[in-house]
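Here the structure is a predicted model, which is why all the values come from computation and not from measurement. In what follows, residues are counted from 1 in the order of the sequence shown.
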Amino acid sequence: MTPLQRYIAEEIATDHVEGLLSRREALRRLSLLGMGAPAAVALLASCAESAQQSAPTTTTAAGSSASPSSPPPGTANAGAATPITFPGPEGRTLQAAWAEAAQPRGGVLVIHENRGLTDHIRSVTGRFAGAGYSALAVDLLSEEGGTATFTDQAAATAALSKIPQDRFVADLRAGLTELGRRVPGKRLGATGFCFGGGLTWLLLTSGTPELAAATPFYGPFPDGGQVTGSKAAVLAVYGALDARVDASRRAAEAALDRAGLPHESYVADNADHAFFNDTGPRYQPTAAAEAWRRVIDWYGRYLG
């Protein structure tokens with residue numbers, strides 16, 4: 001398995017251990033990834049054992065605050081995200097959501113979770129436009145017909161797991177090129193969530209001098225990754241309860257130190273993996289609001 005495939009498989013197993021997926025559904029999703037039954041059962045058992053050995057989590061408590069008294073952060077002034085297509089690598093056509101700021105201060109590439117280009121990601125794209133940053137979210141399932149062609153969300157995730165990492169990098173770089181064309185002369189940033197947070201790190205470790213800033217949300221740092229050829233100032237966002245992804249935080253910080261890049265890490269209290277997603281069970285409105293404030297401040301410093 002590639003690192004991203006392993007990450008997706010572990011996420012499914014963790015969702016089962018934390019009561020978000022039944023055992024039957026977890027095994028079904030792991031089988032869609034190409035994992036045989038013995039390996040899938042062993043992974044579920046391993047994650048359950050790890051959870052028992054760790055400190056008790058408060059996922060249920062964090063999730064219970066998912067009915068906020070105020071709208072999700074950034075939605076009050078959000079712009080509209082519209083579907084577009086643009087030329088991709090190797091003659092392919094890429095699908096995306098585009099939201100244009102009235103007077104753009106910069107541009108932001110939004111990188112979706114392992115569910116594909118969902119309404120939530122479209123909403124985030126519009127929120128950036130409302131904050132003054134024109135934003136583009138590439139559908140990384142474009143070659144497979146686009147996220148909308150998958151009626152089974154688990155099948156969309158499985159399809160993403162089978163895509164070579166080089167294609168992700170190529171498509172995201174094409175997205176940056178398109179974004180730069182739409183906001184000429186402006187600095188560019190990248191924000192990714194979960195799986196997309198990992199892809200944000202992958203962009204940085206692949207060398208992306210066109211990025212002036214990046215804000216990966218709870219994304220795993222690549223094993224042995226080095227941030228070379230990048231000039232981006234990085235704000236990395238984590239949840240204090242997300243031990244699985246937080247385990248790679250020190251390696252990310254060390255790589256940024258070696259590269260001499262400006263960087264900060266924000267670890268949100270009482271927040272688990274995917275705490276920013278207001279459509280999911282782990283949404284934590286207080287942490288989401290603070291993370292959004294920090295991201296917009298960060299882009300204000302490094303994009304304009």
Do [X] and [Y] come close enough that some side-chain heavy atom pair is under 4.5 Å?
X    : Y    : value
L199 : F195 : yes
F193 : V124 : yes
R249 : V267 : yes
F150 : T157 : no
R182 : E100 : no
L172 : T208 : no
R115 : I121 : no
P216 : V234 : yes

Quick check: does any side chain N or O of [X] sit under 3.5 Å from a backbone N or O of [Y], one acting as donor and the other as acceptor?
X    : Y    : result
D139 : T147 : yes
T215 : T191 : no
R127 : P73  : yes
R187 : G106 : no
S46  : L43  : no
H263 : A236 : no
T125 : L136 : no
W201 : G219 : yes
Q5   : S161 : yes
S230 : V227 : no

Return the minimal non-hydrogen interatomic distance between [X] and [Y], and the atom names on each side.
X    : Y    : answer
L140 : H112 : N-NE2, 3.1 Å
A232 : A214 : CB-N, 4.4 Å
Y299 : A190 : OH-O, 3.1 Å
L202 : T205 : O-OG1, 3.2 Å
A131 : W292 : CB-CZ2, 4.4 Å
A233 : W298 : O-NE1, 3.0 Å

Any donor-acceptor pair under 3.5 Å linking the side-chain atoms of H273 with those of E11?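 On atom types as modelled, these side chains qualify, holding a pair under 3.5 Å.
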Can R181 and T177 be counted as having a side-chain donor-acceptor contact under 3.5 angstrom?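 Short answer, no.
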May I ask whether L32 and I163 are part of the same hydrophobic cluster, defined by side-chain heavy atoms of I, L, V, M, F, W, Y residues being less than 4.5 angstrom apart, directly or through others?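 No, it is not one cluster - the side chains of L32 and I163 are not joined through contacts under 4.5 Å.
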Group every Ile, Leu, Val, Met, Phe, Trp and Tyr by side-chain heavy-atom contacts under 4.5 Å, then state whether V17 and L241 land in the same group.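 Cluster IDs for V17 and L241 differ.
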What I want to find out is whether [X] reaches [Y] closely enough, with some N-O distance under 4.0 Å, to be called a salt bridge.
X    : Y    : answer
R294 : D297 : no
D15  : R282 : yes
R301 : E264 : yes

Between F275 and Y218, ring centroids under 6.0 Å: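 Yes: the rings meet the under 6.0 Å criterion.
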Rounded distance (nearest 0.5 Å) linking atom CZ of F86 with atom CD of Q95: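 It comes to 10.0 Å.
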